[in-house]
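Chain letters run A, B, ... following the sequence lines, proteins first, then strands; residues in each count from 1.
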Amino acid sequence: MIMPFTQKVLQIIQGIPEGKVLSYGRVAALAGNPRGARQVSRILHSMSGKHELPWHRVVNSTGKISLPRGRGYELQRALLESEGVLFSPSHTIDLSICLWQPLDLAEKSDEIIF
DNA sequence: CCACTGACTACTT
DNA sequence: CAAGTAGCCAGTG
């Protein structure tokens, strides 16, 4: 069975939960190609419309939206904010809070941290 | 197969 | 922090 980089990227992006984001580089790394950040962006370009991709949950590594104003920036920001993602005064997302980590608390849940 | 492109990233000025 | 540079690699024609 073939699993092109592209397909894997799509799977990963579809797995991002609400209120969380991933950087292009992160997605690429999870897809098995730490250097494939640019491919991720290209994929989003061609597939975001045909697949139901939460493309808005993908930002660049600095926590900023890569899209230029008037070309999707405002839309992406609006979608993220509607999911509870907070933006800093400088149009950046606080990745230390919103960056999705597949490990997350899933494995630690056997002990309550409270 | 080759050349070009891109919603990137890390590093250096 | 902004701007420039180099590396990166899959899709497209």
Validation: residues 53-60 of chain A side-chain donor-acceptor distances under 3.5 Å, sequence neighbours left out:
residue	atom	partner	partner atom	Å
A:H56	NE2	A:E83	OE2	3.1
A:R57	NE	A:E83	OE1	2.9
A:R57	NE	A:E83	OE2	3.3
A:R57	NH1	A:I16	O	2.8
A:R57	NH2	A:E83	OE2	2.7
A:N60	OD1	A:T62	N	3.1
A:N60	OD1	A:T62	OG1	2.8
A:N60	OD1	A:G63	N	3.4
A:N60	OD1	A:K64	N	3.1
A:N60	ND2	A:K64	O	3.4
A:N60	ND2	A:S66	OG	3.3

Roughly how far apart are A:I65 CD1 and A:E74 CD, rounded to 0.5 Å? 9.5 Å

For the CD1 atom of A:I13 and the CD atom of A:E52, what is their distance to the nearest 0.5 Å? 14.0 Å

Hey, does A:K20 have a side-chain heavy atom less than 4.5 Å from the side chain of A:V85? no

So do A:V21 and A:L95 actually touch side chain to side chain, heavy atoms under 4.5 Å? yes

Rounded off to whole Å, could you give me the [atom1]-to-[atom2] distance for the [X] and [N] pair?
X     : N      : atom1 : atom2 : answer
A:F5  : C:dG11 : CZ    : P     : 9 Å
A:I13 : B:dA7  : CD1   : C1'   : 11 Å
A:I43 : B:dT5  : CD1   : C1'   : 14 Å
A:L75 : B:dA7  : CG    : P     : 16 Å
A:H91 : C:dC1  : NE2   : P     : 13 Å
A:M47 : C:dT12 : CE    : P     : 8 Å
A:R42 : B:dT5  : CZ    : P     : 13 Å
A:L44 : B:dA7  : CG    : P     : 10 Å

Give the B/S/- string for nucleotides 8-13 of chain B, one per nucleotide from 5' to 3', where a protein heavy atom under 4.0 Å of the base yields B, of only the sugar-phosphate yields S, and otherwise -. BSS---

Can you tell me whether the side chain of A:Q39 and the base of B:dG6 have a donor-acceptor pair closer than 3.5 Å? yes

Pairwise P distance, B:dA7 and C:dG13 [rounded to whole Å]: 16 Å

Go nucleotide by nucleotide along DNA chain C from the 5' end; which of A:G36 and A:K64 gets its closest nucleotide reached first? A:K64

Show the atom names and distances, to 0.1 Å, of all donor-acceptor pairs under 3.5 Å that link a side chain in residues 38-45 of chain A to residues at least two apart or in another chain.
residue	atom	partner	partner atom	Å
A:S41	OG	A:R38	O	2.6

Using modelled atom types only, decide if a donor and an acceptor are shared between the side chain of A:K8 and the backbone of A:L30 within a distance under 3.5 Å. no

Strictly below 4.0 Å: does A:N33 bring a side-chain N or O up to OP1 or OP2 of C:dC8? no

Any side-chain N or O of A:S46 below 4.0 angstrom from OP1/OP2 of C:dG11? no

